[in-house]
Amino acid sequence: MPELPEVERIARGLEQALLGQCLKGVTVRWPGVVARPEAKALEERLPGHRLEEVRRRGKMILLRFPPWWLAIHLRMTGQLQVRPGRDPSLEADRHVHLWFDFDHTILYYRDMRKFGRLWLVSDLAEATGQLGLEPLSPEFTPSALARILKTHRRQVKPLLLDQRLIAGLGNIYVDESLWRAQLHPLRLAHTLRDEEISRLHGAIQHVLLQAIDHGGTTLRDYRDAHDEKGRHQEALAVYGRAGLPCPRCGAPIVYIRAGGRGTHLCPICQPLAPPK
DNA sequence: CACAGCTCCTGGCAGC
DNA sequence: TGCTGCCAGGAGCTGT
């Protein structure tokens, strides 16, 4: 499941491979992948435009083909694959739902679970307007995080997963951040003290930057634009490690549910009762 | 406002 | 061996 670090790696790969190329054609094989407008409109409007900018916002990839923005959300199993030419094995793959023909390169979209979506918009805010703070931006300060935490009476994990508040964190990096900050996922957000908030802020940024540096986390499906796996799965402290020893204290990692999501934590390092 | 539950979708796995 | 059925999970939605 691509979260901020994986999407960042993919966006960098797309920029390096595709920036400046003109789009010659779009082939949509499963129309459901296009959320807005209709698949046919995408095929008709986009060709003939040049890719002038690649951005990431939260978990979204944004490709600017003036006057359009193409926004892509990979959700669970979406993949973007860059190839130097037509790739028969990808085109024979039933999970490849569309592709883009550029001057010298083809970009394939593959998605096993079909949760991912694309939007073609003229105003970027139509795609990203609801998203919250970028956790690696200068605006994401400890006091900005404190403002978010203190204005919601919610458990801290579901709050961190809410893309309208902070954009880009998913299940893996929330669990890892809370472990690093030594905070229990079920702590009520508004009860966190300034020192704990500051720890959480630092943990989020550290975990995301380290994961980007490691090329993202490949548990099963994640691949970058050049089909390379990430290496950050080897550095995970708690995610997917139920029963294995906590890297900090050695106690077995525990699996619980938080906000309906599978959640991993160290019961010793992350006590539910806030320290006195 | 908070949140539980449902939907989408399919590979992987447990159970028989 | 092969079948059935259940689960994960990001985000949007409805209902409480």
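Note on naming: letters A, B, ... go to the chains in the order of the sequence lines (proteins, then strands), and numbering restarts at 1 for each one. The model shown is predicted, which means the values in this text are computed figures rather than measured ones.
Look at R94(A) and you'll find a side-chain N or O under 4.0 angstrom from OP1 or OP2 of dG11(B). At the phosphate of dG11(B), OP1 or OP2 sits under 4.0 Å from a side-chain N or O atom of H95(A).
Rounded to an integer number of Å, the gap from CZ of R257(A) to C1' of dA4(B) is 13 Å. Nucleotide dC1(B) holds its P atom 18 Å from the CD atom of Q155(A), rounded to whole Å. Taking atom CG of residue L188(A) and atom P of nucleotide dA2(B), one finds them 11 Å apart after rounding to whole Å. The NZ-P distance, from K157(A) to dA2(B), rounds to 19 Å in whole Å.
R164(A) comes within 4.0 angstrom of nothing in the nucleic acid, heavy atoms only. As judged by a 4.0 angstrom heavy-atom cut-off over every strand, G260(A) is placed among residues making no nucleic acid contact. Counting any heavy atom pair closer than 4.0 Å across all strands shown, R220(A) reaches sugar-phosphate atoms only and no base atom. Among the heavy atoms of the strands lying under 4.0 Å from Y239(A) are primed sugar atoms or P, OP1, OP2 only; no base atom is included.
Between F102(A) and F100(A), the ring planes lie tilted relative to each other; the angle falls in the 30° to 60° range. Under the 30°/60° scheme for interplanar angles, the aromatic rings of Y108(A) and W99(A) are found to be tilted.
For K24(A), the NZ atom sits in a packed shell: over 12 heavy atoms of surrounding residues, nucleotides or ligands are nearer than 6.0 Å. The environment of CD in Q130(A) is sparse: at most 12 heavy-atom neighbours from other residues, nucleotides or ligands sit within 6.0 Å. The neighbour count for R153(A) CZ, taken as heavy atoms of other residues, nucleotides or ligands under 6.0 Å away, does not exceed 12.
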For this session: Just do the side-chain contact (heavy atoms from CB on, under 4.5 Å) check on L219(A) and I172(A) with the steps written out, would you?
Result: CA-CA 10 Å; L219(A) 291 174; I172(A) 295 173; 3.7 Å; yes

Exercise. Which is it for E176(A) and R180(A) under the salt bridge (Lys or Arg N to Asp or Glu O under 4.0 Å) test, yes or no, and what are the steps along the way?
Worked result: CA-CA 6 Å; E176(A) 292 296 308; R180(A) 187 173 175 86; over 6 Å; no

For this session: Kindly determine whether E228(A) and R223(A) satisfy salt bridge (Lys or Arg N to Asp or Glu O under 4.0 Å), including the steps that lead there.
Result: CA-CA 5 Å; E228(A) 295 290 328; R223(A) 299 291 185 281; over 6 Å; no

For this session: Show the numbers, then the answer: is there a side-chain contact (heavy atoms from CB on, under 4.5 Å) between D103(A) and Q21(A)?
Result: CA-CA 6 Å; D103(A) 289 331; Q21(A) 289 195 51; 3.7 Å; yes

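Taking all atoms of both residues into account, the shortest heavy-atom contact from L272(A) to R187(A) is O-CD, 3.0 Å.
Running 5' to 3' along DNA chain C, contacts with non-hydrogen atoms of chain A at under 4.0 Å begin and end at dA8(C) to dA11(C).
Contacts with DNA chain C (heavy atom under 4.0 Å) in residues 71-79 of chain A: H73(A), R75(A), M76(A), listed by number. The stretch residues 111-133 of chain A touches DNA chain C through R113(A), F115(A), each having a heavy atom under 4.0 angstrom from the strand.
Annotation: side chain of W69(A) is not in contact with side chain of L63(A) (no heavy-atom distance under 4.5 Å).
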